[in-house]
Each structure stands twice: as structure tokens, then as C-alpha cells.
Amino acid sequence: MTKAREIMTSDPECVRSSDTVLDAAKRMAELQVGAMPICGEDNRLKGMLTDRDIVVKVLAQGKDPRAVNAGELAQGEAVTIGADDDAEEILRTMSDHKVRRLPVIDGHDLVGIVAQADVARALKDPQVGDLVQALSTD
């Protein structure tokens with residue numbers, strides 16, 4: 001069975017929890033990504049920042065993205081998977097939490113990000129449909 005470490009994007013860049021949302025948005029645009037992990041000054045994962053978070057929780061609320069830190073958007077404990085978790089476990093986690101991207105942890109270290117498309121390529125055809133359906137419904 002395919003493991004997370006085989007399908008993940010390795011060595012993801014983090015947005016620091018102290019970075020402004022504006023700086024984080026600029027970095028996301030440079031990297032052409034829709035989400036980045038939020039890491040503390042200790043390099044520990046604090047959460048995920050998505051382009052949707054920026055729009056809904058900052059811009060739509062009339063907040064200044066230069067005055068809001070990325071760490072303020074980290075909610076609770078981040079949903080993660082282990083580097084040795086298989087594609088079916090990744091599917092379950094994405095479906096249960098309705099997320100399209102998961103940070104991959106090896107011990108206490110952030111080692112990668114697995115996206116919905118990564119999992120879709122690793123699953124058999126019927127499971128791909130299940131994943132897409134689970135993530136596309138409320």
C-alpha cells in the first residue's frame with residue numbers, strides 16, 4: 001500500500017506564526033500554492049493557512065492583513081498524518097475532517113504535505129470517487 005512519504009510534497013515551507021497575513025499571502029502567491037503550514041518560532045506545526053482563510057477570516061471581515069498575524073488564524077490542533085500512514089488512512093482523515101491538504105509528520109517534524117490530488121493518484125478508481133464526494137459535500 002502506498003505510504004504518505006511516497007506521495008507527499010517534501011520539505012514544505014512554513015509561514016511563521018508571527019508573519020503577517022499579507023506576507024503569508026505574498027509568499028503563497030510566489031510559490032503558487034493555496035495553503036501553507038503555520039509554524040511557530042520553535043519550528044513546530046501550529047496549523048494550516050489557506051487562501052480561503054485569508055479571504056473569509058481577514059478580508060471579508062474588514063481586517064487589515066498587515067495587522068493580523070498568521071498564527072491568529074491557526075485553530076486548535078492541526079489535523080496531520082504520519083509519514084508511514086497509507087493512502088486509505090489519508091483518505092479517511094481527509095474525509096473525516098473535510099480537508100484537501102494534510103501536513104505529514106515524522107516524529108515531531110513536519111516533512112511534507114499531501115494534497116487531495118496526490119491521494120487520488122495513489123488510490124484505485126472507486127476510492128477516488130469516494131474521496132472527491134466526501135470532500136465536496138457538507
Side-chain angles (χ1 to χ4, degrees):
M1 181 60 69
T2 304
K3 304 288 185 195
R5 70 175 71 247
E6 298 171 62
I7 60 174
M8 70 185 186
T9 299
S10 300
D11 301 320
E13 279 197 41
C14 284
V15 170
R16 295 280 163 225
S17 55
S18 59
D19 289 348
T20 68
V21 169
L22 180 61
D23 289 336
K26 287 178 179 179
R27 189 67 189 134
M28 291 168 71
E30 288 170 13
L31 296 172
Q32 298 181 354
V33 297
M36 289 184 74
I38 302 170
C39 296
E41 302 310 316
D42 59 358
N43 286 327
R44 293 284 173 104
L45 180 68
K46 304 295 183 195
M48 289 291 288
L49 178 66
T50 66
D51 47 10
R52 187 175 193 283
D53 291 332
I54 294 169
V55 170
V56 173
K57 297 176 183 174
V58 179
L59 300 177
Q61 306 245 338
K63 296 178 182 176
D64 182 351
R66 295 170 295 195
V68 177
N69 290 336
E72 295 175 49
L73 301 181
Q75 297 180 344
E77 192 169 325
V79 177
T80 64
I81 53 164
D84 291 318
D85 288 350
D86 64 37
E88 289 185 1
E89 178 63 25
I90 300 167
L91 168 65
R92 275 191 297 279
T93 303
M94 285 181 164
S95 297
D96 290 349
H97 296 279
K98 303 259 190 228
V99 295
R100 291 179 170 86
R101 300 169 197 92
L102 286 169
V104 181
I105 304 296
D106 192 359
H108 293 291
D109 298 324
L110 174 67
V111 295
I113 300 286
V114 171
Q116 175 182 1
D118 301 324
V119 181
R121 285 189 292 270
L123 294 172
K124 295 177 239 150
D125 289 345
Q127 292 176 302
V128 172
D130 293 344
L131 174 63
V132 173
Q133 179 180 2
L135 295 177
S136 299
T137 58
D138 290 327

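Bear in mind the structure is a predicted one, so any value in this text is a computation, not a measurement.
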Once side-chain hydrogen bond (donor to acceptor under 3.5 Å, both in side chains) is applied, do any residues pair with [X], and if so which ones, sequence neighbours excluded?
| X | result |
| --- | --- |
| Asp109 | none |
| Thr80 | none |
| Arg27 | Glu13, Glu30 |
| Asp85 | none |

Single-linkage hydrophobic cluster [X]~[Y], side-chain heavy atoms < 4.5 angstrom:
| X | Y | value |
| --- | --- | --- |
| Leu45 | Val79 | no |
| Val99 | Val104 | yes |
| Ile7 | Leu91 | yes |
| Ile90 | Val111 | yes |

Shortest non-hydrogen contact from [X] toward [Y]:
| X | Y | answer |
| --- | --- | --- |
| Ile113 | Pro103 | CD1-CA, 3.8 Å |
| Ala24 | Leu49 | CB-CD2, 3.5 Å |
| Ala78 | Gly47 | CB-CA, 3.8 Å |
| Met94 | Gln116 | CE-N, 3.7 Å |
| Thr20 | Pro65 | CB-O, 3.6 Å |
| Val56 | Ala60 | O-CB, 3.7 Å |

Non-hydrogen side-chain atoms of Val21 and Lys57 separated by less than 4.5 Å: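 Counting from C-beta outward, Val21 and Lys57 never come under 4.5 Å.
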
Side chains of Val55 and Arg52 in contact at under 4.5 Å (non-hydrogen atoms): no

How long is the span from the [atom1] atom in [X] to the [atom2] atom in [Y], to the nearest 0.5 Å?
| X | Y | atom1 | atom2 | value |
| --- | --- | --- | --- | --- |
| Glu72 | Ser18 | CD | OG | 11.0 Å |
| Asp23 | Arg16 | CG | CZ | 13.5 Å |
| Leu59 | Ile54 | CG | CD1 | 7.5 Å |
| Leu110 | Asp11 | CG | CG | 9.0 Å |
| His97 | Ile81 | NE2 | CD1 | 11.5 Å |

I'd like to check the salt bridge (charged side-chain N to carboxylate O under 4.0 Å, His left out) partners of [X]; sequence neighbours left out, ordered by chain and number.
| X | answer |
| --- | --- |
| Asp64 | Arg66 |
| Asp19 | none |
| Asp42 | Lys46 |

Only counting residues at least two apart or in another chain, list the ones meeting side chain to side chain contact (heavy atoms under 4.5 Å, CB included) with [X].
| X | result |
| --- | --- |
| Val33 | Met28, Leu31, Met36 |
| Ser17 | Ile38, Glu41 |
| Asp84 | Arg5 |
| Glu6 | Thr2, Lys3 |

Under 4.5 Å side-chain linkage, directly or through intermediates, the cluster mates of Leu22: none

Under 3.5 Å: donor-acceptor pair, side chain of Asp96, backbone of Thr93: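 Such a contact is absent between Asp96 side chain and Thr93 backbone.
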
